[in-house]
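The next block holds one structure in the form of structure tokens; read it before the comments.
Every value quoted in this text rests on a predicted model; they were computed, and no experiment measured them.
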Amino acid sequence: MSKQQSTQLIRDYYQAFNNGDMEAFLGLLSDEVAHDINQGGRETGKAAFADFMARMNRHYREQLTDIQILVSEDGSRAAAEFVVLGEYLNTDQGLPEARGQRYRLPAGAFFEIRDNRVARISNYYNLNDWIAQVGG
């Protein structure tokens, strides 16, 4: 993919996320997508990513703003920096109790792009900052 096409792919990825359009969102991933979970392990495959997103959508309502995208010259890698505006809806296992707390969290992601799809996504944010914001 060209740099411009990869930039558009990542824009589409975040637009689908913000629209809550999980079908479009998942459609941008390779079947064997690698997902590096913040401060966690790696899951592989679109089905695992769909399960992860279903869990996230049960516990959190989020919108991403101030999205800045950087793409390598050959279009094979990308990075994004953004702000997560969220609401903690239901208590997630091992985390503080949810009471509808709102949070604002700087975050970033790294992507590998192959065959016009996201082949790897690695998300990063400061979990201690999030816990402090929700009253943990």
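Residues I131 and P96 form a side-chain contact, since some pair of their non-hydrogen atoms from C-beta on lies under 4.5 Å apart. Between Q5 and Q8 there is no side-chain heavy-atom pair separated by less than 4.5 Å. The shortest distance between side-chain heavy atoms of L9 and M1 falls below 4.5 Å.
The CZ atom of F25 lies 10.0 Å from the CG atom of N18; values are rounded to the nearest 0.5 Å. To the nearest 0.5 Å, atoms CD (Q15) and CG (D21) are separated by 9.5 Å. Note: I10 CD1 to I69 CD1 = 6.5 Å, rounded to the nearest 0.5 Å. Atom NE2 of residue H35 and atom CE of residue M53 lie 8.0 Å apart, to the nearest 0.5 angstrom.
Residue L127 is grouped with residue V134 when hydrophobic side chains (ILVMFWY) are merged at heavy-atom distances under 4.5 angstrom, including chains of intermediate members. Following chains of ILVMFWY side-chain contacts shorter than 4.5 Å, one cannot reach W130 starting from L89, and the two form parts of different hydrophobic clusters. V84 and Y13 fall within a single hydrophobic cluster, where Ile, Leu, Val, Met, Phe, Trp and Tyr are joined by side-chain heavy atoms under 4.5 Å apart, directly or via other members. Under a hydrophobic-cluster definition in which Ile, Leu, Val, Met, Phe, Trp and Tyr are linked whenever side-chain heavy atoms come within less than 4.5 Å, directly or via other members, I67 and L85 are assigned to different clusters. Placement of Y124 and V33 in two distinct hydrophobic clusters is found when ILVMFWY residues are connected by side-chain heavy-atom separations under 4.5 Å, directly or transitively.
In summary, the side chains of E62 and Y103 do present a donor paired with an acceptor at a separation below 3.5 Å, with no hydrogens or angles considered. Side chain to side chain, R42 and T44 fail the donor-acceptor criterion of an N or O pair below 3.5 Å.
Between the side chain of T91 and the backbone N or O of E97, no donor-acceptor pair lies under 3.5 Å. Checking side-chain atoms of N123 against main-chain N and O of I37 turns up no donor-acceptor pair under 3.5 Å. In this structure, the side chain of N126 engages the main chain of N128 through a donor-acceptor pair within 3.5 Å. Side chain of Q101 to main chain of R99: a donor-acceptor pair is present (N/O by atom type, distance under 3.5 Å, no hydrogens or angles).
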Worked check of side chain to side chain contact (heavy atoms under 4.5 Å, CB included) between L29 and R117:
CA-CA 5 Å; L29 307 177; R117 297 279 183 261; 5.8 Å; no
Under the side chain to side chain contact (heavy atoms under 4.5 Å, CB included) criterion, do S76 and I113 qualify, and how do the steps go?
CA-CA 5 Å; S76 68; I113 300 165; 5.6 Å; no
Do E43 and F49 pass the side chain to side chain contact (heavy atoms under 4.5 Å, CB included) test, and can you show the C-alpha distance, the side-chain angles, and the key distance before you say yes or no?
CA-CA 7 Å; E43 295 180 346; F49 197 93; over 6 Å; no
Given N116 and L28, is the side chain to side chain contact (heavy atoms under 4.5 Å, CB included) satisfied, shown in steps?
CA-CA 8 Å; N116 302 321; L28 299 170; over 6 Å; no
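The heavy-atom pair separating D36 from R120 by the smallest distance is OD2-CD, 3.8 Å. Closest non-hydrogen pair, A107 versus Y125, comes out as CB-CB, 3.9 Å. In terms of heavy-atom proximity, S6 sits nearest to G75 at OG-O, 2.6 Å. Of all non-hydrogen atoms in F111 and A80, the two that sit nearest each other are CE1-CB, 4.2 Å. Nearest approach of A119 to S30, heavy atoms of both residues: CA-OG, 3.6 Å.
Taking a cutoff of 4.0 Å between a charged side-chain nitrogen and a carboxylate oxygen, R114 and E112 qualify as a salt bridge. A salt bridge links R55 with D92; the closest basic N to acidic carboxylate O contact falls under 4.0 Å.
By the 30° and 60° cut-offs, the orientation of the rings of F82 relative to Y14 is tilted.
Taking the six-membered ring wherever Trp is involved, the centroid distance between the rings of Y60 and Y88 falls below 6.0 Å.
The only option from D66, L64, L105 that meets the side chain to side chain contact (heavy atoms under 4.5 Å, CB included) definition with V83 turns out to be D66.
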